[in-house]
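Hydrogens, waters and symmetry mates are skipped; everything else that's a heavy atom, side chains included, is used. Residue numbers start at 1 and run along the sequence shown.
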Amino acid sequence: MARAIQVGGYDSVAFKDFRPRLLQAMKAIYMMQNFKNIDRFMMDGETTFGWASVIRCSMTGRSSSGEYSSKSSCVLPAYQAREAGAVISACMNTWLRRLSDRTVLVVLLGNADDYIASFRAKLATTFSDTRAHQRGPNVAHMADGRSWVHIGHPSGANGHFGDFLTGSELKGQGAKRIEAQKVVVHALRRRKNNHATLISSQE
């Protein structure tokens with residue numbers, strides 16, 4: 001990031017350490033099937049995929065012992081905390097309302113149950129029509145006429161990522177993968193010349 005600030009180029013910054021795993025996650029939900037490298041979609045001027053963050057992955061929260069940690073159990077309460085919650089709400093209200101009309105699908109990194117519930121509650125403060133997605137109620141939302149789907153976070157710190165990719169479709173992360181696939185297929189069949197936005201978030 002320091003180098004990017006100096007030279008003014010950010011194409012190599014986003015998801016720098018886990019782009020291959022991010023591509024695996026996208027392929028697991030039937031996206032980017034014919035590509036071996038995701039870098040081309042991270043370039044300035046890209047018009048098919050957009051990239052953003054609801055909560056920066058470097059954000060930390062205070063644990064019960066008073067120490068700061070990036071674990072989900074510490075970060076997710078920020079959605080309800082007065083100061084951080086207000087910042088998140090302001091960002092969502094400012095930027096999510098500006099998504100292109102071509103955007104029919106938003107992919108969210110992180111599919112822990114608590115995160116999905118917290119995000120849906122926060123999304124509902126931005127879009128009054130927010131509801132569970134009919135094709136994947138446990139992993140996705142419908143809001144503002146778009147599908148918003150959670151997938152396994154590709155960070156190396158996520159010990160459940162392998163299960164998301166290849167786990168049994170009958171339980172756990174494997175079942176979440178199957179629901180996510182159904183949501184993606186439904187969303188991308190809705191219209192041609194569509195656009196996908198991938199939002200990174202804390203897992």
Side-chain angles (χ1 to χ4, degrees), residues 4 9-54 56-57 95-96 98-112 115-116 119 133-203:
Y10 295 88
D11 289 344
S12 64
V13 174
F15 316 107
K16 178 181 178 181
D17 295 327
F18 53 84
R19 288 187 180 183
R21 287 164 64 95
L22 175 57
L23 182 57
Q24 285 182 299
M26 297 296 278
K27 288 186 175 184
I29 57 170
Y30 302 148
M31 300 183 71
M32 299 183 169
Q33 294 291 306
N34 298 320
F35 298 98
K36 296 182 179 181
N37 189 296
I38 203 171
D39 291 349
R40 59 172 290 190
F41 298 107
M42 303 282 186
M43 305 295 287
D44 183 28
E46 167 63 28
T47 60
T48 301
F49 290 88
W51 312 88
S53 293
V54 174
R56 281 291 305 273
C57 293
W95 301 107
L96 295 186
R98 299 184 184 184
L99 292 177
S100 165
D101 289 341
R102 291 175 54 223
T103 302
V104 297
L105 175 67
V106 179
V107 180
L108 298 125
L109 302 185
N111 64 358
Y115 173 59
I116 293 172
F119 184 85
H133 199 292
Q134 185 177 4
R135 304 300 175 96
N138 296 307
V139 300
H141 330 281
M142 279 295 297
D144 196 36
R146 300 180 173 90
S147 298
W148 308 67
V149 62
H150 295 260
I151 66 174
H153 201 297
S155 166
N158 179 12
H160 303 288
F161 185 64
D163 289 336
F164 177 76
L165 295 180
T166 60
S168 170
E169 62 185 52
L170 301 178
K171 61 181 181 179
Q173 288 292 319
K176 289 184 176 183
R177 180 188 70 248
I178 298 303
E179 281 201 29
Q181 290 171 348
K182 293 178 180 178
V183 171
V184 170
V185 170
H186 169 75
L188 297 185
R189 280 178 176 172
R190 290 180 56 201
R191 76 176 74 157
K192 295 180 179 179
N193 300 319
N194 42 45
H195 179 277
T197 295
L198 190 143
I199 295 182
S200 172
S201 44
Q202 186 69 31
E203 173 65 88

Could you pull out the closest heavy-atom pair between [X] and [Y], with the gap in Å?
{"X": "M26", "Y": "Q33", "value": "O-NE2, 4.4 Å"}
{"X": "R21", "Y": "N158", "value": "NH2-O, 3.9 Å"}
{"X": "A180", "Y": "I151", "value": "CB-CG2, 4.3 Å"}
{"X": "F161", "Y": "A25", "value": "CE1-CB, 3.8 Å"}
{"X": "L22", "Y": "L109", "value": "CD1-CD2, 4.0 Å"}
{"X": "E169", "Y": "I178", "value": "CB-CG1, 3.3 Å"}

Pairwise side-chain contact, [X] with [Y], heavy-atom cut-off 4.5 Å (strictly under):
{"X": "L165", "Y": "Q173", "value": "no"}
{"X": "N138", "Y": "K176", "value": "no"}
{"X": "D44", "Y": "E46", "value": "no"}

- Test salt bridge (Lys or Arg N to Asp or Glu O under 4.0 Å) applied to D144 - qualifying residues, sequence neighbours left out: R146
- For R135, the salt bridge (Lys or Arg N to Asp or Glu O under 4.0 Å) test, sequence neighbours excluded, returns none
- Under 3.5 Å, is there a donor-acceptor pair between the side chain of W148 and the main chain of A143? yes
- Donor-acceptor under 3.5 Å (Q181 side chain, A28 main chain): yes
- What class does the angle between the rings of F119 and Y115 fall in, given that below 30° is parallel, 30 to 60° is tilted and above 60° is perpendicular? tilted
- Task: Consider only side-chain N and O atoms of H153 and H160, and report whether a donor and an acceptor are under 3.5 Å apart.
- Result: no
- Query: Cut-off 3.5 Å, side chains only: do S147 and H133 have a donor facing an acceptor?
  - Reply: yes
- Would H141 and V106 count as a side-chain contact (heavy atoms from CB on, under 4.5 Å) if you check the C-alpha gap in whole Å, the side-chain angles of each, and the deciding distance to 0.1 Å? CA-CA 10 Å; H141 330 281; V106 179; over 6 Å; no
- Find the distance between CZ (R98) and OG1 (T103) and round it off to the nearest 0.5 Å. 14.0 Å
- Message: Distance check, rounded to the nearest 0.5 Å: I38 atom CD1 versus Q24 atom CD?
- Response: 10.5 Å
- Message: If you apply the rule side-chain contact (heavy atoms from CB on, under 4.5 Å), what do you find for V149 with L105, and how did you get there?
- Response: CA-CA 8 Å; V149 62; L105 175 67; 3.7 Å; yes
- Step-by-step side-chain contact (heavy atoms from CB on, under 4.5 Å) determination, L23 to F41: CA-CA 11 Å; L23 182 57; F41 298 107; over 6 Å; no
- Query: Hey, mind stepping through R177 and V139 against side-chain contact (heavy atoms from CB on, under 4.5 Å) and telling me if it holds?
  - Reply: CA-CA 9 Å; R177 180 188 70 248; V139 300; over 6 Å; no
- More than 12 heavy atoms of other groups within 6.0 Å of F35 CZ: yes
